[in-house]
Amino acid sequence: MTTAPAASPATSEVTAPAPSESPALRRSAELERQIAQDPGRFRVLTGDRPTGALHLGHYFGTLHNRVRLQDLGVEVFVLIADYQVLTDRDVADRLTEHVEGLLLDYLAIGIDPARSTVFNHSAVPALNQLLLPFLSLVSVAELGRNPTVKDEIAHSRQSSVSGLMYTYPVHQAADILFCKGNLVPVGQDQLPHLEITRTVARRFNERYGAVFPEPDALLSAAPLLLGTDAGKMSKSRGNSITLAASEDETARLIKGATTDAERHITYDPAARPGVSSLVLLAALCLDRDPHEVAEEIGSGGAAVLKRTVTDAVNARMAPIRARRAEYAQDMGYVRGVLRDGNERANAIAEATLDEVRRAMGMIR
């Protein structure tokens with residue numbers, strides 16, 4: 001639910017897909033054209049699990065895209081998926097701290113509470129109640145075949161798989177459909193989840209009458225930033241630069257980043273993943289092409305590369321960090337943003353649940 005639209009590595013420009021590209025990419029390009037023409041017809045649902053600090057991978061992969069859509073005039077709902085923390089762990093550690101950290105990051109990057117709704121799972125009972133009728137619309141076999149669920153189960157930290165993890169795609173359907181979201185930014189790996197949502201909406205409409213839209217995927221071609229160890233960037237691996245990191249901490253992390261023995265800097269993600277990820281990070285921060293950045297550094301080697309990246313990141317993040325620090329001085333306001341968002345989400349969810357009950361012939 002948390003990815004950016006098709007874009008070139010260093011910009012948010014969306015280009016027409018080549019004939020060989022997938023139907024999902026072609027559809028995403030068409031959706032971008034429709035958004036530009038009539039943004040008000042779209043309602044987006046996206047979000048994050050509060051499991052740790054958001055980092056630069058999140059920013060360039062998903063967060064800045066939410067602000068872009070918001071600023072275009074799309075109605076954006078941002079879910080803090082606190083219940084889903086329990087999909088792959090036994091307890092939700094430091095939950096309040098992580099939720100407040102997400103709120104600070106959202107406000108700092110430009111999420112506007114007047115135009116976007118930020119809410120959390122546990123505060124919207126009617127949303128979660130949709131899970132019950134939705135589960136009746138999919139089979140156990142369909143859930144078991146979902147490749148994303150299979151992967152999540154394979155990498156679970158739990159000693160056994162919980163029912164919450166198994167039914168995660170249906171819970172996600174409730175997230176999207178409670179507000180009748182019709183557009184979901186996703187990566188390629190999330191398409192099976194969204195297909196479950198489309199299946200739930202279609203089957204409900206066929207069985208009980210038209211209530212829900214079948215949401216479209218706004219497919220991501222977000223740039224892949226590796227961690228400072230040249231591995232997958234992750235909240236839990238200590239290999240990321242968080243949005244809240246200071247200039248000194250950023251410099252220290254980049255100084256220790258993995259490169260290679262070749263002095264001349266080139267942009268070649270397949271052959272030189274560590275070096276290329278650093279080049280890409282600088283290019284994204286500077287809104288430039290990574291090949292041009294690499295060419296300029298050239299024989300300057302890893303030292304010049306890391307200095308370039310450090311300067312670019314700190315310059316790009318400076319206003320975001322300043323806003324974050326300012327919001328952190330008024331946590332009453334920050335908590336009020338979530339409280340107001342929860343009130344709005346509750347009103348929408350209760351109206352949707354009432355509509356579902358009427359369609360199903362239930363009496364309150």
Side-chain angles (χ1 to χ4, degrees), residues 1-3 45-67 76-113 116-125 127-128 152 155-158 162 164-165 168 171-172 174-175 185 187 190 225 227-228 232-246 249-250 253 317 320-343 345-346:
M1 296 191 299
T2 60
T3 48
L45 187 286
T46 184
D48 306 281
R49 295 196 309 163
T51 56
L54 296 179
H55 50 63
L56 293 179
H58 295 118
Y59 177 74
F60 287 110
T62 67
L63 299 177
H64 80 300
N65 186 52
R66 299 174 190 177
V67 177
V76 177
F77 285 74
V78 183
L79 167 65
I80 298 177
D82 50 0
Y83 274 154
Q84 288 176 1
V85 170
L86 298 173
T87 55
D88 64 350
R89 55 198 71 200
D90 296 323
V91 295
D93 289 331
R94 300 162 58 194
L95 193 56
T96 298
E97 173 189 339
H98 291 325
V99 168
E100 292 182 349
L102 287 182
L103 288 166
L104 286 170
D105 287 338
Y106 293 158
L107 293 170
I109 66 167
I111 293 295
D112 180 357
S116 295
T117 301
V118 182
F119 68 100
N120 59 311
H121 262 153
S122 58
V124 189
L127 181 161
N128 297 291
E152 288 169 351
H155 293 89
S156 172
R157 299 180 184 181
Q158 295 174 311
S162 71
L164 181 60
M165 175 175 281
Y168 171 78
H171 200 184
Q172 191 175 74
D175 297 339
Q190 287 286 309
L225 285 172
T228 52
K232 180 180 179 181
M233 189 178 293
S234 170
K235 296 175 184 176
S236 60
R237 295 183 184 182
N239 66 352
S240 60
I241 301 168
T242 68
L243 300 189
S246 67
E249 184 180 1
T250 297
L253 290 167
M317 291 294 111
I320 293 174
R321 291 165 177 167
R323 287 193 296 268
R324 195 182 195 281
E326 184 176 351
Y327 283 118
Q329 297 300 309
D330 189 358
M331 291 305 297
Y333 169 78
V334 173
R335 297 181 187 107
V337 167
L338 183 61
R339 184 170 57 249
D340 292 346
N342 285 337
E343 288 179 4
N346 266 297

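The analysis underlying the following values was restricted to heavy atoms, covering all of them including side chains, and did not include hydrogens, waters or symmetry mates.
Looking at Asn346 and Pro125, their side chains come closer than 4.5 Å, going by heavy atoms from C-beta outward. Looking at heavy atoms from C-beta onward, Met317 lies in side-chain contact with Leu243 at the 4.5 angstrom threshold. By the 4.5 Å heavy-atom criterion applied to side chains, Pro185 and Asn65 are counted as neighbours.
Within the 3.5 Å criterion, the main-chain N or O of His55 finds a donor-acceptor partner in the side chain of His58.
The side chain to side chain donor-acceptor pair (under 3.5 Å) check on Thr228 picks up nothing, with sequence neighbours excluded. Applying the salt bridge (Lys or Arg N to Asp or Glu O under 4.0 Å) criterion to Arg324, with sequence neighbours excluded, gives Asp105. His121 pairs by the ring-ring contact (aromatic ring centres under 6.0 Å, His included) definition with His171, not counting sequence neighbours. In this view, Asp112 and Arg115 satisfy the salt bridge (Lys or Arg N to Asp or Glu O under 4.0 Å) rule, not counting sequence neighbours. Every residue meeting the side-chain contact (heavy atoms from CB on, under 4.5 Å) condition with Glu249, not counting sequence neighbours, appears here in chain and number order: Ala245, Ser246, Arg252, Leu253. In this structure Thr117 satisfies the side-chain contact (heavy atoms from CB on, under 4.5 Å) test together with Phe77, Phe119, Arg344, sequence neighbours excluded. Every residue meeting the side chain to side chain donor-acceptor pair (under 3.5 Å) condition with Glu97, not counting sequence neighbours, appears here in chain and number order: Arg94. Shown here are the side chain to side chain donor-acceptor pair (under 3.5 Å) partners of Thr242, two or more places apart in sequence or in another chain: there are none. Residues passing the side chain to side chain donor-acceptor pair (under 3.5 Å) test with Ser122, sequence neighbours excluded: Asp82, Asn120.
Between the CD1 atom of Ile320 and the CG atom of Leu104 there is a distance of 13.0 Å, given to the nearest 0.5 Å. In this structure, CG on Leu103 lies 11.5 Å from OH on Tyr327, to the nearest 0.5 angstrom. Atom CG of residue Leu79 and atom CD of residue Gln172 lie 9.0 Å apart, to the nearest 0.5 angstrom.
Minimum heavy-atom separation, Pro50 to Ala81: CD-O, 3.4 Å. Here the closest heavy-atom approach between residue Phe60 and residue Leu225 is recorded as CD1-CD1, 3.9 Å. Closest non-hydrogen pair, Arg66 versus Val78, comes out as NH1-CG1, 3.7 Å.
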Should Val67 and Leu63 be marked as a side chain to side chain contact (heavy atoms under 4.5 Å, CB included) after you check the CA-CA gap, both sets of side-chain angles, and the distance that decides it?
-> CA-CA 7 Å; Val67 177; Leu63 299 177; over 6 Å; no
Is there a side chain to side chain contact (heavy atoms under 4.5 Å, CB included) between Val118 and Leu102 once you walk through the steps?
-> CA-CA 10 Å; Val118 182; Leu102 287 182; over 6 Å; no
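A side-chain hydrogen bond (donor to acceptor under 3.5 Å, both in side chains) check over residues 329-338, counting only residues at least two apart or in different chains, returns the pairs Glu100-Arg335.
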